[in-house]
Amino acid sequence: MEPRLLNVYGEPPDPGVLRAVARHLEEGGLIAMPTETVYGFGGEAREGPLKALQRLKGRGGEKPFLILVPGIEGVSDLTWTPAALELAKVFWPGALTLVLRDEGGRFPLGVRSAGGTVAVRESSHPVARGLVESLGEPLISTSANPAGGPPSLSAEEARDAARSLGAGEELWVLDAGPLHPSAPSTVVDCTGRGPVVLRAGSIPAGRVRCVLPGLKDPT
C-alpha cells in the first residue's frame, strides 16, 4: 500500500477531516502537509513518530526536527526570553522559527537538541495551523523531500517524495493545492544573552531588526 491522499481544499479546512487526521496522528501515523513555506512531513512530538520520521528521512538525532505549536501558550513551559515573546507576538503565526531552551526536558531528543534547545513555530497555513489546534499538541515538521532534494510544493510532489523514501499507508498526504515557491522560515536563536539570526529566510532580518534593533548575525 502507498501513501493515502486526502483532499483538504477549502478555507477553513473541514473540521471533520482535521479531526480524522488528528486521530491518525494520535495513533502514531505520519502525514505530509502544506505549511506557509513548503509541504512537510509530520508526526506527533513523541518518541514513536519521531523515530519513524528519522527513519523516513534517514536522519539521526544530531539534527533535531522543528515543531509547529499552537501559539505561545501551547509551549509556555519552554524558556521564553523577553525578545522571544516580542518576536512571537509580532511575527506569529508566520515563517519565523524561534530556538528556545527546554529546561524541563518536555520534548524527546531528536526534537530537543543535545544542548537542550528546541525550534518552534506557529504556522500561518490554515491546514497546518488547524491541524495543530485540532490535535492540541505540538507537531513535528520537516521538509517533505529526500536529504538534499528540492522542496515539495504540491501534494503530488510530497507523495512522490514519500514513495521514494519507502513510506506506505502509514503516511497520509494532505492536499490543499500547490504552494508558491518560498524561502524557508527565518530562524532566530533566543537562548543566549541576545537573539541571533541563525538562518535568513522568508522574513528578512531587516524586518526582525525593526522589532529588535540589537539582533545579531551569527559570528
statement: OG1 of T117 to CG of D102, rounded to nearest 0.5 Å, is 9.0 Å
message: Before you tell me yes or no, could you show the steps for W92 and L87 under side chain to side chain contact (heavy atoms under 4.5 Å, CB included), namely the whole-Å CA-CA distance, both residues' side-chain angles and the distance that decides it to 0.1 Å?
response: CA-CA 8 Å; W92 280 9; L87 289 174; over 6 Å; no
Nearest heavy-atom neighbours spanning A144 and A161: O-CB, 3.5 Å
task: State whether the side chain of D189 and the backbone N or O of P195 hold a donor-acceptor pair below 3.5 Å, judged by distance alone.
output: no
query: In Å and rounded to the nearest 0.5 Å, what is the CD1 to CZ distance from I67 to R106?
result: 7.0 Å
- prompt: When rounded to the nearest 0.5 angstrom, what is the spacing between CG in D175 and CG in L6?
  reply: 9.5 Å
message: To the nearest 0.5 Å, what is the distance between CD on E44 and CG on L30?
response: 10.5 Å
message: Hydrogens and angles aside, do S185 and R199 bring a side-chain donor and acceptor to less than 3.5 Å of each other?
response: yes
task: Measure from the side-chain N and O atoms of R129 to the backbone N and O of E133, and report whether any donor-acceptor pair falls under 3.5 Å.
output: no
- prompt: Are T97 and V188 close enough that some pair of their side-chain heavy atoms sits under 4.5 Å apart?
  reply: no
query: Can you list the steps and then say if S202 with S182 is a side chain to side chain donor-acceptor pair (under 3.5 Å)?
result: CA-CA 7 Å; S202 294; S182 171; 3.3 Å; yes
- request: Using modelled atom types only, decide if a donor and an acceptor are shared between the side chain of K57 and the backbone of N145 within a distance under 3.5 Å.
  value: yes
message: Would you say T186 and R207 are linked by a side-chain donor-acceptor pair, where the criterion is simply a distance under 3.5 Å?
response: no
- request: Please confirm whether the backbone N or O of V38 pairs with a side-chain atom of H125, one donor and one acceptor, at under 3.5 Å?
  value: no
Any donor-acceptor N/O pair, R46 side chain to E26 backbone, under 3.5 Å: yes
- prompt: Roughly how far apart are E157 CD and L179 CG, rounded to 0.5 Å?
  reply: 9.5 Å
- prompt: W172 side chain to M33 main-chain N or O, any donor-acceptor pair under 3.5 Å?
  reply: no
message: With clusters defined by side-chain heavy atoms of hydrophobic residues (ILVMFWY) lying less than 4.5 Å apart, directly or transitively, does I31 cluster with L56?
response: no
query: Is the side chain of S113 donor-acceptor paired with the backbone N or O of G115 at a distance under 3.5 Å, no angle test?
result: yes
message: Do E103 and L78 have side chains that approach each other closer than 4.5 Å (heavy atoms only, starting at C-beta)?
response: no
query: Hey, are the side chains of L139 and L131 touching, using non-hydrogen atoms and a 4.5 Å cut-off?
result: yes
- prompt: Under 3.5 Å, is there a donor-acceptor pair between the side chain of R159 and the main chain of P3?
  reply: yes
- prompt: Does a salt bridge link E169 with R4, judged by any charged N lying under 4.0 Å from a carboxylate O?
  reply: no
- prompt: Between P138 and V75, is any pair of side-chain heavy atoms under 4.5 Å apart?
  reply: yes
message: If the threshold is 4.0 Å, N to carboxylate O, is there a salt bridge linking E36 and R121?
response: yes
message: What I'd like to find out is whether the side chain of F91 reaches to under 4.5 Å of the side chain of I203, using heavy atoms alone.
response: yes
task: Would you check if V99 and V187 make a side-chain contact, meaning some heavy-atom pair closer than 4.5 Å?
output: yes
query: Can you tell me if T35 uses its side chain to pair, donor with acceptor, with the backbone of T37 under 3.5 Å?
result: yes
message: Let me confirm one number: the CG-SG distance from L198 to C190, rounded to the nearest 0.5 Å.
response: 9.0 Å
query: Taking NZ, NE, NH1 and NH2 as the nitrogens, is one of them in R23 or E27 under 4.0 Å from a carboxylate oxygen of the other?
result: no
